[in-house]
Amino acid sequence: MRTMLADAPRTALTMAYWGFVLYLFLPLTLMMAMSFKNAAFIAFPIGDWTFDWYLKVMQDKPFLEACAYSVLVAGLTTLAATVIGVWIAMLIATTEGRWGAVLFALACLPAVVPGMISAISLRIFISTIDMPTGTSAIVLGHTVHAVPFVVVMALTRLRSMPANLVDAARDLGADSVVAFFRVTLPYLGPAIGGGMIFCILLSIDDFVRTFFLGGYRPTLPMLIFAKVQGGMSPEINAMATLVLLVTGAVGLYAEYYTRRSRSR
Amino acid sequence: MASNSTLARGGAMPAVTAPAYSTRLSALFNSGLYQSTLGALVSNKTTRMVLLAAVPIVWIVMMHIGPIYQMLKISLLSNYPIQHGRAPTFTFANYAIFFSEPLYFMPLIRSFVYATSATAVTLLVVYPVAYYVAKIVQPDRRSKALLLLLVPFWAGELIRTFSIIMLLANRGALNVFLRDIGMIDRPIPLLYTPFSLGFGLVYLISLYMLLPLYSAIDKIPKHLLDAAADLGAGPFTRFRRIVLPLSRDGIVSGCSLVFLTSIGVFATPMLLGGPTTVLFPETISGFFHGASDKWPVGAAFAMIMLVSALTTAAIFMRIVGGKSTRLM
């Protein structure tokens, strides 16, 4: 009796954890299961199962174009955000005292501004610099959103770097650019890799910035949004499942990658 | 420092080490072109600082502050985009419009109610989960237990919102299940209600609560809890006197993050909410559709939302977090 009482909090916490796991997975599992329903509307029970929605989606031109467009935007975003983010982190790491803190706070600003406000302010901003809505505007918006995350990841790694590594390189005759590319950048490798994958996921998932900055070419979330609003069929489930599997694989790889480099 | 630079400029040392590292990068750095351009530039301390600082500072000023500044500027103009023959004048009228109609200020109040309640519910739901992973799970299994919770969040905002529809629709899994076990005769309308919106919000944002809470609880030394137990403190006392105060930083940053994220969510209320749950982002977006000339009003509304949300988060951090905590 006594041990049962002592174990009660532990049992309750275990149940809370598994309950939460169920809560997180149930809707997504239902969403995936519905993609196999052999009917033109979404309703449970599923009854008749089919693979046809996937065959249809795989040949759907708008879907494939949206995939390609999302990948293009994510690639450009990742490239820009990584370069700028690492550059900002390098500056913050060498700036001491109050100014370093101010720089860090400003570098993180886009991460705390609510998404809608960020999207609206960027929409206004691109019109004041006469940039049209479309690919360049989306990439700009996604990059602004992703930079703080790269900064934080790169800075964490930079702070753990032994200062004498760069000093040694300098003693051996490397100037600061050479020291950066030959010593600091390789040391930052894992943080940059993790940051890049994070940028890809942020960009592919982003809806609100794309909605206000985009032109006529839809990215994946825009396409799915339009389909959900236009009348639902299991076709959307098949699309969403495919996207989910790909982003999930990317995320899992990121986890594997950062863990492997951490243990090294 | 000075002697290093002289060496690098002269190229004496790199030339000696070059054969050992014959990568393309080394070839580039040892080339005469590099030595006379970038290499010569960075040998001077001032130009080196300018090279390091120029891009980050220009980017931060232009891209992090610029959009907010432009939004503020346009919110104070009488008309924008600028048309011929109508010179914009400075005005506060766009802000006054907000207070003139319940149609405008009610959605903001509603946004605050939803964001605050979603934050509170998320804290209550996620805290035990974070505690379980950080303190009960064996250390070697901890990252797997955490990973299991991260996986669903790799699906984007839209896919997760869409998946809630599968659960809550009239012919969704929950209603069909309840009908099949005989608890209801006709479906309960769950979707497009305040309930589905709240449910979806919590589903969307709980990760932002999980990570700060986990890292805060993880840092609490286990021997503190053991010592308290040895001295006779029960589970509840240990929680109230040790765990809760020591995880305060995690609570503060988790709640602020969740609050600021959920107040700015745009797609979820549009897909899961109904006519009675119009939130402020949808109100703002109305001013930017089509060839509207209402941008200044929308900008003013967005400024009102930004300032009120950041102020709320700051007050919360002050009260709960004390002096030491900052947003990031």
Side-chain angles (χ1 to χ4, degrees), chain A residues 9-10 13-14 16-17 20-21 24-28 30-31 34 43-45 84 87-88 90-91 106-110 112-117 120-125 127-128 144 170 172-178 181 201 204-205 207-208 212 221 224-225 228 240 243-244 247-248 251 255, chain B residues 4 7-8 13-14 25 29 38-39 42-43 48 52-53 55-56 59-60 63-64 66-68 70-71 74 81 128-129 131-132 136 147-149 151-152 154-159 162-164 166-167 171-173 176 235 260 263-264 266-267 271 281 284 288 298-299 302 305-306 309 327-328:
Chain A
R10 175 182 285 258
L13 285 168
T14 312
Y17 174 81
F20 191 66
V21 169
L24 289 183
F25 277 89
L26 186 63
L28 289 172
L30 293 171
M31 194 274 290
M34 188 57 75
F44 282 96
I84 296 163
W87 209 324
I88 294 177
M90 289 295 295
L91 179 66
L106 288 177
C108 291
L109 185 68
V112 292
V113 171
M116 177 64 187
I117 309 291
I120 290 295
S121 65
L122 283 162
R123 177 69 190 91
I124 290 172
F125 179 73
S127 107
T128 61
V144 170
R170 301 289 294 263
L172 291 169
D175 64 39
S176 42
V177 175
V178 176
F181 280 103
L201 291 178
I204 288 196
D205 288 350
F207 174 75
V208 65
F212 285 100
I224 292 175
F225 181 79
V228 174
V243 176
L244 180 61
T247 52
E255 196 64 29
Chain B
N4 285 341
L7 269 177
M13 289 298 279
L25 207 59
F29 286 136
L38 205 56
V42 295
S43 63
R48 195 164 63 221
L52 175 65
V55 169
W59 174 268
I60 286 178
M63 300 302 171
H64 291 191
I68 308 277
Q70 292 291 354
M71 187 166 77
I74 280 164
V129 178
Y131 184 87
Y132 175 81
I136 309 258
L147 188 62
L148 192 60
L149 301 177
V151 169
W154 292 328
E157 173 191 354
L158 221 59
I159 292 181
F162 176 62
S163 74
I164 293 291
M166 303 298 116
L167 184 66
R171 292 189 62 186
V176 169
L260 291 173
I263 207 156
F266 176 60
L271 295 181
I284 295 176
F288 290 87
M305 182 167 168
L306 176 64
L327 204 53
M328 296 299 287

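Just so it is clear, the structure is predicted and the values come from calculations on it, not from any experiment. Proteins get letters first, then strands, A, B, ... in listed order; numbering begins at 1 in each.
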### Message
Between B/Ile60 and chain A, with a heavy-atom cut-off of 4.5 Å, which part of the residue counts as in contact: side chain, backbone, both or neither?
### Response
side chain
### Task
Heavy-atom pairs under 4.5 Å with chain A are the metric here; pick the option from B/Ala53, B/Ala173, B/Gly66, B/Gly156 that has the most.
B/Ala173
### From CZ (A/Arg123) to OG1 (A/Thr128), nearest 0.5 Å
10.0 Å
### Task
Tell me, with the steps shown, if A/Phe207 and A/Ile224 meet side chain to side chain contact (heavy atoms under 4.5 Å, CB included).
CA-CA 10 Å; A/Phe207 174 75; A/Ile224 292 175; over 6 Å; no
### Query
Between B/Leu148, B/Ile164, B/Ile263, which has the largest tally of heavy atom pairs under 4.5 Å with chain A?
B/Leu148
### Task
Locate the shortest heavy-atom distance separating B/Leu260 from A/Val112; write the atom from each residue and the value.
CD1-O, 3.5 Å
### Task
Quick one: pull up CD1 in A/Ile124 and CD in B/Gln70 and give me the separation to the nearest 0.5 Å.
8.5 Å
## Note on the structure
Under 4.5 Å to a heavy atom of chain B? For A/Ile84 that would be side chain
### Query
Between A/Phe225, A/Trp87, A/Phe20, which residue shows the highest count of heavy-atom pairs closer than 4.5 Å to chain B?
A/Trp87
### Summary
One option among A/Leu28, A/Val208, A/Ile204, A/Val144 has the most heavy-atom pairs under 4.5 Å with chain B, and it is A/Leu28
### Query
Measuring heavy-atom distances to chain A, does B/Leu306 have an atom under 4.5 Å in its side chain, in its backbone, in both, or in neither?
both
### Query
For A/Met34, is it the side chain, the backbone, both, or neither that has a heavy atom closer than 4.5 Å to a heavy atom of chain B?
side chain
### Query
Taking all non-hydrogen atoms of both residues, which atom of B/Tyr131 and which atom of A/Leu13 are closest, and how far apart?
CD2-CD1, 3.5 Å
#### Entry: Under 4.5 Å from a heavy atom of chain B, the part of A/Val228 involved
side chain
### Query
Just how far is it from atom CD1 of A/Ile88 to atom CH2 of B/Trp59, taken to the nearest 0.5 Å?
7.5 Å
### Query
Which bit of B/Ile74 is near chain A, if near means a heavy-atom gap under 4.5 Å: side chain, backbone, both or neither?
side chain
### Query
Would you say A/Phe181 has more than 12 foreign heavy atoms packed within less than 6.0 Å of its CZ?
no
## Note on the structure
Counting heavy-atom pairs under 4.5 Å with chain B, the top scorer among A/Leu109, A/Val113, A/Leu244, A/Ile120 is A/Ile120
### Query
What part of B/Leu167 is in contact with chain A, defined as an atom under 4.5 angstrom from a non-hydrogen atom: side chain, backbone, both or neither?
both
### Message
Which one wins on heavy-atom pair count under 4.5 Å against chain A: B/Pro281, B/Gly298, B/Ala299, B/Ala309?
### Response
B/Pro281
### Query
In Å, rounded to the nearest 0.5 Å, how long is the span from CD1 of B/Ile159 to CE of A/Met31?
5.5 Å
### Query
With a 4.5 angstrom heavy-atom cut-off, which part of A/Leu106 approaches chain B: side chain, backbone, both or neither?
both
### Task
Using non-hydrogen atoms and a 4.5 Å limit, figure out which bit of A/Leu26 sits close to chain B: side chain, backbone, both or neither.
side chain
### Query
Between A/Gly248, A/Pro221, A/Gly115, A/Ala107, which residue shows the highest count of heavy-atom pairs closer than 4.5 Å to chain B?
A/Ala107
### Query
Mind checking whether B/Phe266 and A/Phe212 have ring centres under 6.0 Å apart?
yes
### Query
If every non-hydrogen atom of A/Gly251 is compared with every non-hydrogen atom of A/Leu201, which pair is closest and at what distance?
CA-CD1, 4.3 Å
### Query
Taking every heavy-atom pair that is under 4.5 Å apart, which of B/Gly264, B/Ser163, B/Gly172 has the most such pairs with chain A?
B/Ser163
